Amino acid sequence: MADCIFCMIANGEIPSKVAYEDDQVLAFHDIDPKAPVHVLIIPKKHFSSILEINEGESGTLAHMFLVANRLAHELGVAESGFRLVVNTGKDGGQTVPHLHLHLTGGRAFGWPAG
């Protein structure tokens with residue numbers, strides 16, 4: 001999608017601090033981190049939100065979670081704990097209309113979130 005900032009990042013048109021990349025996903029450090037570790041994991045294929053994922057594309061979600069697992073270990077938050085969040089829609093706190101998974105850690109989080 002031409003005007004999507006995350007698509008532009010995935011295509012290398014906008015620089016980012018890459019944490020992981022393969023043919024399906026890109027993970028990069030958030031420019032406005034909410035925790036000492038704050039990485040966004042995005043599919044390279046554009047989906048506006050989780051609501052566009054159907055059964056045929058569920059492998060994309062599984063892969064995003066496997067990448068989150070890998071990064072939690074690499075970034076040193078697997079043992080202490082971390083949070084994975086997918087915001088969906090305006091009331092859900094989604095500010096970029098491209099599916100993304102937040103991996104945050106490095107500090108204690110409270111509950112309920114938000």
Side-chain angles (χ1 to χ4, degrees):
M1 184 170 227
D3 62 342
C4 172
I5 191 167
F6 283 178
C7 286
M8 290 186 270
I9 290 170
N11 292 330
E13 298 168 43
I14 295 175
S16 64
K17 183 179 175 189
V18 175
Y20 176 86
E21 183 174 14
D22 63 25
D23 61 330
Q24 295 180 61
V25 302
L26 175 69
F28 55 95
H29 294 269
D30 196 299
I31 61 168
D32 184 23
K34 304 304 181 201
V37 171
H38 190 168
V39 173
L40 302 175
I41 303 166
I42 66 168
K44 288 185 173 180
K45 179 179 177 183
H46 183 83
F47 298 96
S48 294
S49 77
I50 192 79
L51 298 173
E52 290 187 0
I53 297 289
N54 61 41
E55 192 172 322
E57 289 143 344
S58 61
T60 299
L61 290 178
H63 188 63
M64 290 171 69
F65 277 84
L66 288 171
V67 169
N69 179 331
R70 174 184 176 152
L71 288 172
H73 284 91
E74 289 178 4
L75 298 171
V77 296
E79 293 299 318
S80 60
F82 57 94
R83 183 169 282 172
L84 296 174
V85 175
V86 175
N87 298 321
T88 305
K90 179 183 165 222
D91 285 352
Q94 185 178 9
T95 59
V96 176
H98 185 117
L99 173 62
H100 55 286
L101 178 63
H102 293 262
L103 165 62
T104 55
R107 69 171 175 86
F109 295 104
W111 192 259

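Being a predicted model, the structure only gives us computed values, none of them experimental.
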Novice: May I ask you to test the Leu61-Ile50 pair for a side-chain heavy-atom distance under 4.5 Å?
Specialist: yes
Novice: Where do Phe109 and Thr104 come nearest, in terms of heavy atoms and distance?
Specialist: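 In terms of heavy atoms, the two residues are closest at CZ-OG1, 3.4 Å.
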Novice: Just wondering, do Glu52 and Glu57 contact through their side chains at under 4.5 Å, heavy atoms?
Specialist: no
Novice: How far does CD1 of Ile31 sit from CD1 of Ile9, to the nearest 0.5 angstrom?
Specialist: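 Between Ile31 CD1 and Ile9 CD1, I get 7.5 Å after rounding to 0.5 Å.
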Novice: When hydrophobic residues are tied together by side-chain contacts of less than 4.5 Å, even through go-betweens, does Val39 share a cluster with Leu84?
Specialist: yes
Novice: Going only through I, L, V, M, F, W and Y residues with side-chain contacts under 4.5 Å, is there a path from Phe47 to Val96?
Specialist: no
Novice: Got a second to check how far Ile42's CD1 is from Cys7's SG, nearest 0.5 Å?
Specialist: 7.0 Å
Novice: Give a yes or no on whether Leu101 and Leu40 share a hydrophobic cluster (residues Ile, Leu, Val, Met, Phe, Trp, Tyr; joining criterion: side-chain heavy atoms under 4.5 Å apart).
Specialist: no
Novice: Can you confirm whether Glu13 is buried at CD, in the sense that more than 12 heavy atoms of other residues, nucleotides or ligands lie under 6.0 Å from that atom?
Specialist: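 Yes, because the 6.0 Å sphere around CD of Glu13 holds more than 12 heavy atoms from other groups.
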Novice: Let me confirm one number: the CG-CD distance from Leu26 to Gln24, rounded to the nearest 0.5 Å.
Specialist: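 If we round to the nearest 0.5 Å, Leu26:CG and Gln24:CD are 12.5 Å apart.
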Novice: Identify the two heavy atoms, one from Pro43 and one from Thr60, that lie closest to each other, and give their separation to 0.1 Å.
Specialist: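 In terms of heavy atoms, the two residues are closest at CB-CG2, 3.7 Å.
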Novice: What distance do Trp111 atom CH2 and Arg83 atom CZ have between them, rounded to the nearest 0.5 Å?
Specialist: 5.5 Å
Novice: Nearest 0.5 Å, please: how far is CD1 in Ile53 from OG in Ser48?
Specialist: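 One gets 10.5 Å once the value is rounded to the nearest 0.5 Å.
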Novice: Below 4.5 Å, heavy atoms only, C-beta onward: do Leu51 and Thr88 meet side chain to side chain?
Specialist: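 Result yes, sub-4.5 Å side-chain heavy-atom pair found.
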Novice: Heavy atoms only: give me the nearest His98-His100 pair and the separation to one decimal.
Specialist: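 Minimum heavy-atom separation between His98 and His100: O-ND1, 2.6 Å.
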Novice: Measure across Gly106 and Pro36 and return the closest heavy-atom pair with its distance rounded to 0.1 Å.
Specialist: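 Scanning both residues completely, I find the closest heavy atoms to be O-CG, 3.4 Å.
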Novice: Once side-chain hydrogen bond (donor to acceptor under 3.5 Å, both in side chains) is applied, do any residues pair with Asp3, and if so which ones, sequence neighbours excluded?
Specialist: none
Novice: Treat each ILVMFWY residue as a node, draw an edge where side-chain heavy atoms are under 4.5 Å apart, and state whether Phe28 and Ile41 are in one component.
Specialist: no
Novice: Side-chain contact test, heavy atoms from C-beta onward, threshold under 4.5 Å: evaluate it for Arg107 versus Ser80 and give yes or no.
Specialist: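 No - every pair of side-chain heavy atoms lies 4.5 Å or more apart.
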Novice: Hydrophobic clusters here meaning ILVMFWY residues chained together by side-chain heavy-atom distances under 4.5 Å, can you tell me if Val25 and Leu103 are in one?
Specialist: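 Yes, one cluster joins them.
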Novice: Any idea how His38 and His102 line up, ring-wise: parallel (<30°), tilted (30 to 60°), or perpendicular (>60°)?
Specialist: tilted
Novice: Anything under 3.5 Å between a donor and an acceptor, one on a side chain of residues 62-77, the other on a protein residue two or more places apart or in another chain? List them.
Specialist:
{"residue": "His63", "atom": "NE2", "partner": "Asp22", "partner atom": "OD2", "Å": "2.5"}
{"residue": "Asn69", "atom": "OD1", "partner": "His73", "partner atom": "ND1", "Å": "3.1"}
{"residue": "Arg70", "atom": "NE", "partner": "Glu74", "partner atom": "OE2", "Å": "2.8"}
{"residue": "His73", "atom": "ND1", "partner": "Asn69", "partner atom": "O", "Å": "2.9"}

